[in-house]
There are 2 protein chains.
Amino acid sequence: MKTNSAQCGGLPAPAELERIAQSLKLLAHPQRLRIVGRLERGGAAPVYAIMADLALPQGALSQHLNHMKRAGLVQAERRGKEVWYRIADRRAVQVLHCVCGRGGKK
Amino acid sequence: MKTNSAQCGGLPAPAELERIAQSLKLLAHPQRLRIVGRLERGGAAPVYAIMADLALPQGALSQHLNHMKRAGLVQAERRGKEVWYRIADRRAVQVLHCVCGRGGKK
DNA sequence: TCAAAATATCATGATATCATGATATGTCAA
DNA sequence: TTGACATATCATGATATCATGATATTTTGA
């Protein structure tokens, strides 16, 4: 039995809650939401494709992806000169959906 | 027909996306997540009750609530000396659930 | 080995967020 | 009208995030 249920009222323990908030913070950014949308809809993609689709500056995009990778939201795989990114944590997509309309039960 | 579908790939228009990201940013904070959890589980409550349950300093709690109110996540109603808060946007709860475990379809 | 393509990292200044303690406001009862 | 209770607001310094432009790294083909 988790003894922290009383203190946290059914929510995860403080340390975990901190991690969750951190991931959520990464999603709380317009461009990063668009990146998640792009990766969901088009599947995995190399950076230059995302860059073209979303019209983001290369350095900025790379940093966004890096942050999301560190948090485990996306996953990277090198293929030759390219690096392909994909969604690694479904919760990213779920949050996007329930916050952008479809996905809410009302 | 929304002509921004092409540019935004099914996501809301930039201005709206900005607002959504802003709301998400408010949820991306451990104490505010706990506040949402408290209001969900216990229903509406006066500030002093939330303060006691979550052991948050009065000023800080008041500011958290104020920010969330401005964003439309919660709603306030004065009853005598007290001000009762309640969830105003179900998406807050949905995000909490899908990010904290229960609520995701896997 | 060199050049170019694709991506990553760094440095920096601007802005936003945070926690804290102090003070102000509003409401009710005496 | 005064006092106390409940809540809100303010001021401030510390820290985090952001966008930008410059530079570095990795990989492949010539």
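Lettering follows sequence order; numbering is per chain, from 1.
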- Item | Summary of side chain to side chain donor-acceptor pair (under 3.5 Å) pairs that have at least one residue in residues 17-27 of chain B, sequence neighbours excluded | B:Glu16-B:Arg19

- With sequence neighbours left out, the residues meeting side chain to side chain contact (heavy atoms under 4.5 Å, CB included) with A:Ala44 are A:Trp84, A:Arg86

- Query: Do any of residues 21-29 of chain B sit with a heavy atom less than 4.0 Å from DNA chain C, and if so which?
  - Reply: B:Gln22, B:Lys25, B:His29

- Pairing residues for B:Arg78 by the side chain to side chain donor-acceptor pair (under 3.5 Å) criterion, not counting sequence neighbours: none

- Which whole-number value in Å describes the distance from A:Glu82 CD to C:dA5 P? 14 Å

- Task: Using the test side chain to side chain donor-acceptor pair (under 3.5 Å), find all partners of B:Glu77 that sit at least two apart in sequence or belong to another chain.
- Result: none

- Query: For B:Gln58, what residues pass the side chain to side chain contact (heavy atoms under 4.5 Å, CB included) criterion, not counting sequence neighbours?
  - Reply: B:Met51, B:Ser62

- Task: Take atom CZ of B:Arg32 and atom C1' of C:dA19, then tell me their distance rounded to the nearest Å.
- Result: 12 Å

- Item | DNA chain C-proximal residues of residues 63-70 of chain B, any heavy atom under 4.0 Å | B:Gln63, B:His64

- Task: Starting at atom OH of A:Tyr48, determine the distance to atom P of C:dA5, rounded to an integer number of angstrom.
- Result: 14 Å

- Query: Which one, C:dA6, C:dT9, D:dT7, comes nearest to the side chain of B:Val83?
  - Reply: D:dT7

- Is a side-chain donor-acceptor pair under 3.5 Å present for A:Arg34 with A:Gln31? yes

- Task: Sorted by first residue and then second, give each ring pair (Phe, Tyr, Trp, His ring centres under 6.0 Å) pair with at least one member in residues 39-75 of chain B; sequence neighbours left out.
- Result: B:His29-B:His64

- Nucleotide D:dT15, atom C1' - distance to CD of A:Glu18 in whole Å: 13 Å

- Given DNA chain D, 5'-ward residue of the pair B:Tyr85 and A:Pro57, judged by closest heavy atom: B:Tyr85

- Whole angstrom is fine here: how far is it from CG in A:Leu56 over to C1' in C:dA6? 16 Å

- Item | With sequence neighbours excluded, residues passing side chain to side chain contact (heavy atoms under 4.5 Å, CB included) with B:Ala60 | B:Pro57

- Item | Atom-to-atom span, CG of B:Leu61 to P of D:dC10 - whole angstrom | 17 Å

- Item | Pairwise side-chain contact, B:Leu27 with B:Arg32, heavy-atom cut-off 4.5 Å (strictly under) | no

- Task: For B:Val93, enumerate each residue passing the side chain to side chain contact (heavy atoms under 4.5 Å, CB included) test, keeping only those at least two apart in sequence or located in another chain.
- Result: B:Val36, B:Glu40, B:Ile87, B:His97

- Scan residues 58-67 of chain B for pairs that pass salt bridge (charged side-chain N to carboxylate O under 4.0 Å, His left out), counting only residues two or more places apart or in two chains. none

- Note on the structure: 5' to 3', nucleotides 22-30 of chain D under a 4.0 Å protein heavy-atom cut-off (B base, S sugar-phosphate only, - none) gives -----SS--

